[in-house]
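In what follows, a structure is listed as structure tokens, so that the remarks can point back to it.
Nothing here was measured: the structure is a model prediction, and the numbers come from that model. In listed order, ligands and their atoms are each counted from 1.
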Amino acid sequence: MPVLRTQGLTVRFGGLTALNNVNFEVASGEIRAIIGPNGAGKSTFFNCLTGVIRPTAGRVLLNGEDVAGLPSNRISQKGIARSYQITNILPNATTLENVRIAAQSRRHGWSMLRHHANFRDILDKAEAVLHAVGLGSKAEELAANLSHGDQRNLEIGIALATQPQVLCLDEPTAGMSAAETHETMELVRRIAKNLTILIVEHDMQVVMELASRITVLHYGEVLAEGAPAEIQDNPKVQEVYLKT
Ligand SMILES: Nc1ncnc2c1ncn2[C@@H]1O[C@H](COP(=O)(O)OP(=O)(O)O)[C@@H](O)[C@H]1O
Ligand SMILES: [Mg+2]
């Protein structure tokens, strides 16, 4: 059974159909890239999966359970997390605190802070996450003082700290240098061992190297889906990308 599946997912904003009857499924452990021109509906798709917006129609099945329309905190607790294109970081908290708060919020609410053993447990998890995203040595830095690239990686850490089954990354390398992009791709590969990743990414080379399969959205519909080589050779896909 796929870990995540959508059936007939449709989003209309007034007269504009941003997603039209999207049927999608991803297997557990996969790294799936979602590509498509600007305005294709990629962010809207993630917004539906993570409860930021309620779809006009259709279902979002996480392990067979329909989570469409649930508020984002409930969906996060059920196991779908995302990092935002717009930053989600608390700038005046340290790097470690940012991740710890996310780990905390996921499961139990603030009352757990009273229990020392559990607090230690959460702190250990937060530290492990920081190491996974390459920020172990910057735990005590204020998040505001991190470089842009480190802040983007911290966003991934914040999402990861909620212990998701499915992690949605919306253009995680936006604004990064080539070296930072490379590091972030290594990071994604590292963390992918234990979860399913959906990634929107513009850099084709990055997508081809990282993803096991690619889904192409165009005008809110699935234009093509397949292994990277198939997508690269697909005439419909080539046409869309030559036009933009
Ligand atoms: N909240 C919104 N209200 C109205 N229109 C929106 C909203 N969000 C996205 N859209 C429109 O939906 C379409 C898909 O947008 P989006 O999902 O952001 O595309 P992508 O991420 O692929 O660039 C675009 O035409 C965009 O202008
Ligand atoms: Mg977008």
Side-chain angles (χ1 to χ4, degrees), residues 4-26 31-60 67-73 75-76 80-89 148-149 151-153 155-156 158-159 164 166-176 180-181 184-185 188 196-208 210-211 213-226 228 231-232 234 236-244:
L4 184 75
R5 180 151 47 125
T6 72
Q7 292 175 333
L9 200 63
T10 299
V11 174
R12 294 194 195 94
F13 296 114
L16 177 95
T17 301
L19 284 182
N20 189 19
N21 194 30
V22 172
N23 299 312
F24 171 91
E25 56 179 66
V26 61
I31 302 180
R32 173 72 61 90
I34 317 278
I35 67 170
N38 267 333
K42 306 179 297 294
S43 294
T44 301
F45 184 60
F46 277 7
N47 285 340
C48 284
L49 299 183
T50 56
V52 175
I53 61 173
R54 175 188 281 271
T56 310
R59 309 209 294 167
V60 175
V67 300
L70 290 182
S72 55
N73 65 318
I75 290 188
S76 160
I80 308 178
R82 76 179 290 181
S83 75
Y84 286 84
Q85 259 175 309
I86 303 158
T87 188
N88 200 22
I89 290 170
H148 174 77
Q151 287 185 352
R152 299 304 316 260
N153 293 341
E155 285 182 59
I156 297 176
I158 288 169
V166 178
L167 176 60
C168 302
L169 302 173
D170 197 349
E171 303 190 32
T173 69
M176 284 188 179
E180 287 173 329
T181 297
T184 296
M185 288 307 113
V188 170
T196 306
I197 293 184
L198 307 184
I199 180 169
V200 170
E201 171 61 52
H202 276 307
D203 186 323
M204 267 316 129
Q205 202 183 334
V206 165
V207 165
M208 295 289 164
L210 192 66
R213 291 176 71 77
I214 298 174
T215 300
V216 186
L217 284 182
H218 187 44
Y219 291 123
E221 297 186 0
V222 177
L223 180 78
E225 193 169 286
I231 293 299
Q232 209 162 18
N234 183 314
K236 284 193 290 184
V237 176
Q238 287 169 356
E239 199 188 322
V240 165
Y241 275 91
L242 287 175
K243 275 192 195 153
T244 54

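Around atom 12 (O) of ligand 1, the closest heavy atom drawn from Val11, Leu16, Ile34 belongs to Leu16. Taking only non-hydrogen atoms, the option from Ser43, Pro37, Cys48 nearest to atom 21 (O) of ligand 1 is Ser43.
Counting heavy atoms under 4.0 Å from ligand 1, residue Asn47 does not touch it at all.
Residues Ile199 and Ile31 share a closest heavy-atom pair of CG2-CG2, 4.3 Å. Asp203 and Glu201 make their closest contact through N-OE2, 3.1 Å (heavy atoms, listed as atom of the first residue, atom of the second, distance). The two atoms that bring Pro172 and Thr184 nearest to each other are CB-CG2, 4.4 Å, heavy atoms only.
The distance criterion of under 3.5 Å between nitrogen or oxygen atoms is not met by Phe13 with respect to ligand 1. The shortest N or O to N or O distance between Gly41 and ligand 1 is under 3.5 Å. Considering both main-chain and side-chain atoms, Gly39 comes within under 3.5 Å of ligand 1 through a nitrogen or oxygen pair.
Of the possible polar contacts, none joining the Tyr241 side chain to the Lys236 backbone as a donor-acceptor pair under 3.5 Å is found. A donor-acceptor contact shorter than 3.5 Å links the side chain of Lys42 to the backbone of Pro37.
Near Thr44, meaning under 4.0 Å from one of its heavy atoms, ligand 1 places the atoms 9 (C), 14 (C), 15 (O), 16 (P), 17 (O). Proximity to Asn38 (heavy-atom distance under 4.0 Å) selects the following atoms of ligand 1: 23 (O).
Applying the side chain to side chain donor-acceptor pair (under 3.5 Å) rule to His202 yields the partners Glu171; only residues at least two apart in sequence or on another chain are considered.
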Inset, instruction - Please test Glu25 against Arg213 for salt bridge (Lys or Arg N to Asp or Glu O under 4.0 Å), starting from the C-alpha separation and ending with a verdict. - result: CA-CA 11 Å; Glu25 56 179 66; Arg213 291 176 71 77; over 6 Å; no

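Residue side and main chain included, Asn38 places no N/O/S atom under 2.8 Å of the Mg ion (ligand 2).
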